[in-house]
Amino acid sequence: MPDINTTPLRDFIVATTAVLREQPDEAQALDRVGTLLSALVAHDGWLPDDLAAPDPARYRQYLLHADPQGLFSVVSFVWGPGQSTPVHDHTVWGLIGMLRGEEVSQPYGLDAQGHAVPQGQPSKLTQGAVEAVSPRIGDIHRVANAFDDRVSISIHVYGANIGTVHRHVYAQDGTVKPFVSGYSNTSLPNLWGAAA
Ligand code: FE
């Protein structure tokens, strides 16, 4: 496999760590990390192929970095053609930056019975665009690859180690199921360059 230059990802992780160690409030965190994420997804070419590989059966979530103190995590979210999530929440703030292709997000709200119902119009995330979620600004959505004939990839940043967070899927019959997403990969990207 040709060497991928992961320097943009490393620089993003270093800068995001510095921002979040200042303990900004959520709005500031979304604004400042969102600006960094926007710069990261403006250019492709830094994501190793094994962390960009789709699965024919299900979308994949590859861990790119987990802050040791749980301040944040970075994930590559890889959509096969036509794949989509169930309706779900995050319970922490999150940022989604579109690296390749496009995805569509339909926001949901909870009705009086606690059932998730579509709320507002779906938004389409095009290459380079960044979107935010959180319990404060809207945390429940259903997301899908906008394409049924090619892979799309978005880079996600969350204010916790998202693969370990207890959250919820809202089934069509109104039931709410707890879930923990975990991660698809067994090894992390090499952020420090190939051997000389
Ligand atoms: Fe989500």
Side-chain angles (χ1 to χ4, degrees), residues 16 20 24-42 54 58-62 64 72-148 150-184:
T16 297
L20 296 177
D25 66 24
E26 183 192 289
Q28 286 184 329
L30 290 174
D31 183 52
R32 295 175 66 187
V33 179
T35 298
L36 296 170
L37 182 60
S38 179
L40 179 67
V41 298
R58 196 171 186 275
Y59 58 89
R60 281 189 163 174
Q61 300 163 85
Y62 298 106
L64 302 183
F72 73 104
S73 55
V74 185
V75 176
S76 64
F77 208 102
V78 180
W79 303 98
Q83 291 176 348
S84 62
T85 68
V87 179
H88 65 277
D89 66 11
H90 312 86
T91 76
V92 296
W93 64 257
L95 287 157
I96 301 124
M98 208 68 219
L99 182 69
R100 286 178 211 168
E102 299 179 1
E103 67 186 39
V104 178
S105 173
Q106 170 64 56
Y108 281 73
L110 296 181
D111 67 13
Q113 285 75 42
H115 296 170
V117 289
Q119 200 169 66
Q121 294 301 308
S123 62
K124 180 178 273 192
L125 224 57
T126 56
Q127 201 281 316
V130 171
E131 183 176 74
V133 293
S134 88
R136 181 178 61 90
I137 61 174
D139 195 39
I140 305 175
H141 65 175
R142 180 177 183 275
V143 189
N145 189 348
F147 298 110
D148 58 14
R150 61 179 162 119
V151 170
S152 291
I153 300 178
S154 50
I155 305 302
H156 298 200
V157 186
Y158 299 94
N161 186 345
I162 193 67
T164 69
V165 171
H166 291 263
R167 45 202 183 116
H168 310 93
V169 162
Y170 298 84
Q172 281 189 337
D173 65 3
T175 55
V176 181
K177 299 175 184 170
F179 86 105
V180 177
S181 64
Y183 299 112
S184 309

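As the structure is a prediction and not an experimental result, all values here were calculated from the model. Note: hydrogens, waters and symmetry copies are ignored here, and every other heavy atom, side chains too, is used.
- Nearest heavy atom pair, residue A29 against residue L20, reads CB-CD2, 3.9 Å.
- Inter-residue side-chain proximity for V130 and L95 is flagged as met; some heavy-atom pair is nearer than 4.5 Å.
- Taking CD1 of I140 as the reference point, atom CG of L110 lies at 4.0 Å (rounded to 0.5 Å).
- Listed by first and then second residue, the side-chain hydrogen bond (donor to acceptor under 3.5 Å, both in side chains) pairs that reach into residues 134-143 are E26-S134, E26-R136, S84-R142, H88-H141, H90-D139, H90-H141, S105-H141, sequence neighbours excluded.
- Pairs of residues two or more places apart, or lying in two chains, never qualify as ring-ring contact (aromatic ring centres under 6.0 Å, His included) while including a residue from residues 91-130.
- Of all heavy-atom pairs spanning A116 and V87, the tightest one is CB-CG1, 4.0 Å.
- F77 has its side chain out of reach of I155: every pair of non-hydrogen atoms, C-beta onward, lies at least 4.5 Å apart.
- Here the side chain of S184 pairs no donor or acceptor atom with the backbone of R60 at under 3.5 angstrom.
- When atom types are taken as modelled, the side chain of Q127 and the backbone of R100 share no donor-acceptor pair closer than 3.5 angstrom.
- When the ring-ring contact (aromatic ring centres under 6.0 Å, His included) test is applied to F72, the partners found at least two apart in sequence or on another chain are H65.
- In this structure the side chain of P86 never reaches within 4.5 angstrom of the side chain of F179, judged on heavy atoms.
- The two residues V151 and P54 come nearest to each other via the heavy atoms CG2-CG, 3.6 Å.
- Between the OG atom in S152 and the CD atom in E103 there is a gap of 7.5 Å [rounded to 0.5 Å].
- Of all non-hydrogen atoms in V92 and Y158, the two that sit nearest each other are CG2-CB, 4.3 Å.
- Of the candidates V104, V41, I96, I96 is the only one forming a side-chain contact (heavy atoms from CB on, under 4.5 Å) with L125.
- With N145 contributing its side chain and R150 its backbone, the two residues share a donor-acceptor pair below 3.5 Å.
- Counting only distance, with no hydrogens or angles, the side chain of S73 and the backbone of A160 share a donor-acceptor pair below 3.5 Å.
- Separation of atoms CD1 (I162) and CZ (R167) is listed at 4.0 Å; rounding is to 0.5 Å.
- Judged by distance alone, the side chains of D89 and T91 never bring a donor and an acceptor atom under 3.5 Å apart.
- At a threshold of 4.5 Å between non-hydrogen side-chain atoms, the residues Y183 and N161 count as touching.
- Side-chain contact between I153 and Y62 is absent, with no heavy-atom pair separated by less than 4.5 Å.
- From I137, atom CD1 reaches atom CD of E131 across 8.5 Å, with rounding to the nearest 0.5 Å.
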